[in-house]
Amino acid sequence: MGWIGAQAVRFRWAVVAVWIAAAVGCVAFLPSMASVVDQNQSTFLPSDEPSVEAATLAAPFTPLEGSTAQIVIARSGAALTPADLARLTDAERRVRGLDEVSSVRDQGVSADGRAATALVVSPIAVSDPDASDVVARIRSEIERVDFGPGVEAELTGTLATQVDTENASASASRLTAILTNVVVLVMLFLVYRSLLAPIVTLLPAVVALAVGGPVIAAASQAGWFDVSSVTQALFTVIVIGAGTDYGLFLVLRTREEIAAGHEPREAVIRSVRNVGESIASSA
């Protein structure tokens with residue numbers, strides 16, 4: 001550990017440059033974790049679970065690719081009029097004209113006459129990176145139809161629900177990262193009572209977060225493992241929390257070494273030698 005500390009001090013600017021380049025490169029050229037999260041928790045069940053075995057048996061009867069969505073229109077408090085149904089037909093025609101849609105089939109009107117649906121079939125799988133754009137285009141075509149007052153027109157179904165879930169999960173992950181960083185930074189200011197030390201302590205964890213997420217996503221795309229929504233939710237909190245703890249150990253020990261009379265660079269080397277094993281084993 002003392003050797004690692006000495007090399008880090010000796011080549012400190014190169015170490016900083018490599019980590020910054022790694023963070024920028026990973027964010028720019030690797031997929032985000034949100035894009036590979038599997039929201040279907042059943043995929044993480046053991047293969048001998050009854051539901052998994054049943055799904056395996058049903059696989060020959062399930063399309064290998066593609067997904068479905070549903071256009072739903074509804075009038076509150078009254079039955080749909082012929083004009084409403086004509087507008088639904090217009091929406092079906094518009095959606096059918098999209099390149100990403102293979103077919104649109106009218107599914108009829110509900111028993112009380114207040115709602116009607118149409119099935120949209122797309123060759124784009126729910127896991128496809130383009131799924132979000134496809135849903136956005138379908139919704140755009142539906143919004144171009146003026147259904148008039150009292151009629152709601154929405155897109156639902158497997159494809160739309162999966163995309164909305166992924167977008168909500170990504171938004172929640174971003175909010176978690178922001179709030180976590182703010183809370184940790186405030187706590188560090190209270191601990192250090194200085195301006196630079198909290199930032200120096202938090203930045204390595206933030207860089208590790210920027211590198212780790214895309215690396216995990218790339219490994220998932222390579223087929224090494226699946227990423228669950230739980231992984232995505234906990235990733236930010238654990239990396240920032242643990243990374244800040246490790247930074248506290250190192251910075252506070254460095255302060256102690258400087259207070260004991262050691263020159264700052266030597267203090268860093270001694271700190272890494274003394275607390276490096278604890279940090280490494282904890283990690």
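All of these numbers come straight from a predicted model, not from anything done at the bench.
Taking 4.0 Å as the cut-off between side-chain N and carboxylate O, Glu141 and Arg137 do not count as a salt-bridged pair. Between Asp84 and Arg87 there is a salt bridge, with a side-chain nitrogen of the basic residue lying less than 4.0 Å from a carboxylate oxygen of the acidic one.
Contact annotation: the side chain of Phe147 approaches that of Val145 to within less than 4.5 Å [non-hydrogen atoms, C-beta and beyond]. With a 4.5 Å cut-off on side-chain heavy atoms, Ile240 and Leu202 count as touching. Side-chain contact between Val101 and Val120: present, with at least one pair of heavy atoms (C-beta onward) separated by less than 4.5 Å. Looking at Ile258 and Thr254, their side chains come closer than 4.5 Å, going by heavy atoms from C-beta outward.
Checked by atom type and distance alone, the side chain of Asp245 never pairs as donor or acceptor with a backbone atom of Ala242 at under 3.5 Å. The main-chain N or O of Val72 is never found under 3.5 Å from a side-chain atom of Gln70 such that the two would form a donor-acceptor pair. A donor-acceptor pair is defined here as one N or O able to donate and one able to accept, closer than 3.5 Å; no such pair exists between the side chain of Thr201 and the backbone of Thr244. With hydrogens and angles disregarded, a donor-acceptor distance shorter than 3.5 Å links the side chain of Ser122 to the backbone of Glu100. Checking side-chain atoms of Tyr192 against main-chain N and O of Met187 turns up no donor-acceptor pair under 3.5 Å. Within the 3.5 Å criterion, the main-chain N or O of Ser67 finds no donor-acceptor partner in the side chain of Thr158. The closest donor-acceptor contact from the side chain of Arg273 to the backbone of Arg270 lies at 3.5 Å or more, if one exists at all. The backbone N or O of Ala172 lies less than 3.5 Å from a partner atom in the side chain of Thr176, making a donor-acceptor pair. Although no hydrogens or angles enter the test, the distance criterion places a donor-acceptor pair under 3.5 Å between the side chain of Ser271 and the main chain of Ala267. With Ser110 contributing its side chain and Ala116 its backbone, the two residues share no donor-acceptor pair below 3.5 Å.
Note that the OG atom of Ser32 and the CD1 atom of Ile216 stand 12.0 Å from one another [nearest 0.5 Å]. The line from CD of Gln162 to CG of Asn167 is 10.0 Å long, rounded to the nearest 0.5 Å. Once rounded to the nearest 0.5 Å, the distance linking CD of Gln107 with CD1 of Ile71 reads 10.0 Å.
In the hydrophobic clustering of ILVMFWY residues, with side-chain heavy atoms under 4.5 Å counting as a link, Leu185 and Leu195 come out together. Side-chain heavy atoms closer than 4.5 Å link hydrophobic residues (I, L, V, M, F, W, Y) into clusters, and following such links, possibly through other members, connects Val104 to Val163. Under the 4.5 Å side-chain heavy-atom criterion for Ile, Leu, Val, Met, Phe, Trp and Tyr, Val27 and Leu30 are members of distinct hydrophobic clusters. A continuous path of ILVMFWY side-chain contacts below 4.5 Å connects Phe235 to Val36, so both sit in one hydrophobic cluster. Linking Ile, Leu, Val, Met, Phe, Trp and Tyr whenever their side-chain heavy atoms come within less than 4.5 Å puts Ile142 and Val151 in one cluster.
Shortest non-hydrogen contact noted between Ala205 and Gly243 is CB-CA, 4.1 Å. Across all non-hydrogen atoms, the minimal contact from Leu155 to Ala69 is CD1-CB, 3.9 Å. Shortest non-hydrogen contact noted between Pro214 and Leu209 is CD-O, 4.3 Å. Listed here is the closest heavy atom pair of Arg255 and Ser194: NH2-OG, 3.9 Å. The two residues Met1 and Gly276 make their nearest non-hydrogen contact at CE-O, 3.6 Å. Residues Gly157 and Thr161 come closest through the heavy atom pair O-OG1, 2.7 Å.
By the neighbour-count criterion of 12 heavy atoms within 6.0 Å, atom CD of Gln7 is densely surrounded, having more than that number from other residues, nucleotides or ligands. For CZ of Arg105, the number of neighbouring non-hydrogen atoms (other residues, nucleotides, ligands) closer than 6.0 Å is 12 at most. For Arg12, the CZ atom is densely surrounded, since the number of other residues' heavy atoms within 6.0 Å is greater than 12. Few gaps surround CZ on Phe225; more than 12 heavy atoms of other groups in view lie less than 6.0 Å from it.
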